[in-house]
Amino acid sequence: MLGNLMSLFGNGGSAISAHEALKRIKDGAKIVDVREPSEFVQGTIQDAVNVPLAQIDAEGTKALERAGLLADEKPVLVICRSGARSSSACARLRASLGDRALNLEGGLMAWVGAGLPVTKRR
């Protein structure tokens, strides 16, 4: 609950723009999409791994470890549709990941708005 409150006030981790996110991805950042699987399959960023917010809320970084997202010290870019759920997830993950937890400001809507590609998943 504290993480959810913090996210409302902008304390859910470092929020970065779509173009900054693209730079971080090119530098090796891992991408975690916290939307529900039914949303994830409709389109996401290439190489994103789906770990729904409910799993992160329940298990924290253990959910990311199981998905293979914490095998190294690379940043973790957290995304959702609009940036709200990803901000909440970053707030939850910040205690363990610190500044490695990055929120895509504006979510996939901002990513698409910046003209960046989305890939459909099966």
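Put simply, the side chain of Val34 does not reach to within 4.5 Å of the side chain of Ile79, judged on heavy atoms. Residues Ile31 and Asp33 fail the side-chain proximity criterion, which asks for heavy atoms closer than 4.5 Å. Proximity of Ile45 to Leu116: side-chain heavy atoms (C-beta onward) are nowhere separated by under 4.5 Å. Under the 4.5 Å side-chain criterion, counting only non-hydrogen atoms from C-beta, Asn50 is not in contact with Val32. In this structure, Leu108 and Arg35 have side chains that are in contact, with non-hydrogen atoms separated by less than 4.5 Å. Residues Val41 and Lys120 fail the side-chain proximity criterion, which asks for heavy atoms closer than 4.5 Å. By the 4.5 Å heavy-atom criterion applied to side chains, Glu59 and Arg66 are counted as neighbours. In this structure the side chain of Ile56 reaches within 4.5 angstrom of the side chain of Val51, judged on heavy atoms.
Ion pair Arg100/Glu73 flagged as a salt bridge, since at least one NZ, NE, NH1 or NH2 atom sits closer than 4.0 Å to an Asp/Glu carboxylate oxygen. A salt bridge is absent between Arg85 and Glu36; no separation between the charged side-chain nitrogens and carboxylate oxygens falls under 4.0 Å.
Partners of Asp72 by side-chain contact (heavy atoms from CB on, under 4.5 Å), not counting sequence neighbours, listed by chain and number: Lys30, Lys74. Looking at residues two or more places apart in sequence or on another chain, you find a side-chain contact (heavy atoms from CB on, under 4.5 Å) between Gln46 and Thr119.
For Pro37 against Pro52, the heavy-atom pair with the smallest separation is CD-CG, 4.0 Å. Residues Glu20 and Ser17 share a closest heavy-atom pair of N-OG, 3.1 Å. The minimum heavy-atom distance between Ala63 and Gln55, with the atom names listed, is CB-O, 3.9 Å.
Applying side-chain contact (heavy atoms from CB on, under 4.5 Å) to Leu64 and the options Val49, Leu69, Val78 leaves one that passes, Leu69.
Checking side-chain atoms of Trp111 against main-chain N and O of Pro117 turns up a donor-acceptor pair under 3.5 Å. Panel note: side chain Ser87, backbone Ala84; no donor-acceptor pair is recorded below 3.5 Å.
Interatomic distance, OG of Ser14 versus CD of Glu105, reported as 11.0 Å (0.5 Å rounding). The distance from the CG atom of Leu104 to the CZ atom of Arg81 is 13.0 Å, given to the nearest 0.5 Å.
Ile16 and Val112 fall within a single hydrophobic cluster, where Ile, Leu, Val, Met, Phe, Trp and Tyr side chains are chained together by heavy-atom contacts under 4.5 Å.
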Just do the side chain to side chain contact (heavy atoms under 4.5 Å, CB included) check on Leu97 and Leu70 with the steps written out, would you? CA-CA 9 Å; Leu97 298 180; Leu70 299 181; 3.9 Å; yes
